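Computed from a predicted structure; not experimentally measured.
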Amino acid sequence: MKLTNRTVTTLFGLAAAATALTGLTAPTASATTTQVTAGCYGPSCNGQDPVDMGCNTDAYTVGWTDSAKGKIELRYSSSCRANWARISGTSVGQEFWVQNTNGNIHGWSATGSTSFGNMVDGSVEARACIETEDQPICTGWH
């Protein structure tokens, strides 16, 4: 079918009328998106506090396990590409840590029933562990 100027004008007119009738509008170039601004990324997050660096804003739990000493979670932030350990249901002084396959390890003693520690580079696998009398209990490597 050959489109004439009249056909094109009619098609645009019908599209404009349909938009007016439905109240729909096309997205504009001025639409904004929210982006997380992190204070570190990957290796530069080693030893950093996830809250201070803004990494907690998009964090989620990638692995967890329960023990008689509490629940240990491995947390991950994609905007920071970093992992850290969070422990809950525990006692003050309970030891826990996070480590990655690059050899970075950061350990802490719980300061309350829920605590978290500093981060390790998340561009490689990591796991979180809780100390017990017999042996550590860890999440899987993620």
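Atom CD1 of I72 and atom OG1 of T132 lie 12.0 Å apart (nearest 0.5 Å). Annotation: the span from L74 atom CG to Q99 atom CD amounts to 10.5 Å, rounded to 0.5 Å. In this structure, CD1 in I137 is found 7.0 Å from CD1 in I130, a value given to the nearest 0.5 Å. Interatomic distance, CD1 of I87 versus OG of S113, reported as 10.0 Å (0.5 Å rounding). Separation of atoms OG (S88) and CG (D66) is listed at 8.0 Å; rounding is to 0.5 Å. Note that CG of N100 and OG of S123 are 7.5 Å apart. Values are rounded to the nearest 0.5 Å.
Closest approach of A126 to V120, counting heavy atoms only: CB-CG2, 4.3 Å. Across every non-hydrogen atom of S91 and A110, the tightest pair is O-CB, 3.6 Å.
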Could you walk me through whether R127 and H142 satisfy the side chain to side chain contact (heavy atoms under 4.5 Å, CB included) test, starting with their C-alpha distance in whole Å, then the side-chain angles of each, then the deciding distance to 0.1 Å, before giving a yes or no? CA-CA 6 Å; R127 69 180 183 170; H142 297 274; over 6 Å; no

Determine whether M53 and M119 satisfy the following criterion, side chain to side chain contact (heavy atoms under 4.5 Å, CB included), listing intermediate values before the conclusion. CA-CA 10 Å; M53 294 291 108; M119 300 181 285; 3.9 Å; yes

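For residues 128-142, every residue pair satisfying the salt bridge (charged side-chain N to carboxylate O under 4.0 Å, His left out) rule, not counting sequence neighbours, is listed here: K69-E133. Residue pairs meeting the salt bridge (charged side-chain N to carboxylate O under 4.0 Å, His left out) criterion with at least one partner in residues 81-106, sequence neighbours excluded, are E73-R86.
Cysteines C40 and C45 are disulfide-linked, with SG atoms closer than 2.5 angstrom.
Classified by interplanar angle (parallel below 30°, tilted 30° to 60°, perpendicular above 60°), the ring pair Y60/Y76 is perpendicular.
A donor-acceptor pair under 3.5 Å links the side-chain atoms of N118 to the main chain of G47, judged by distance alone. Under a 3.5 Å cut-off, the side chain of N46 and the backbone N or O of D121 do form a donor-acceptor pair. A donor-acceptor pair is defined here as one N or O able to donate and one able to accept, closer than 3.5 Å; such a pair exists between the side chain of T57 and the backbone of G54.
At least one side-chain heavy atom of W97 sits less than 4.5 Å from a side-chain heavy atom of P136. Side-chain contact between I105 and V98 is absent, with no heavy-atom pair separated by less than 4.5 Å.
W64 and W108 end up in different hydrophobic clusters when Ile, Leu, Val, Met, Phe, Trp and Tyr side chains are linked at under 4.5 Å. In terms of hydrophobic clustering, with Ile, Leu, Val, Met, Phe, Trp and Tyr side chains grouped at heavy-atom distances under 4.5 Å, F116 and F96 are assigned to different clusters.
Judged purely by distance below 3.5 Å, without hydrogens or angles, the side chains of N56 and S77 never pair a donor atom with an acceptor atom.
For the side-chain contact (heavy atoms from CB on, under 4.5 Å) test, residues two or more places apart in sequence or in another chain that qualify with A59 are R75, W84.
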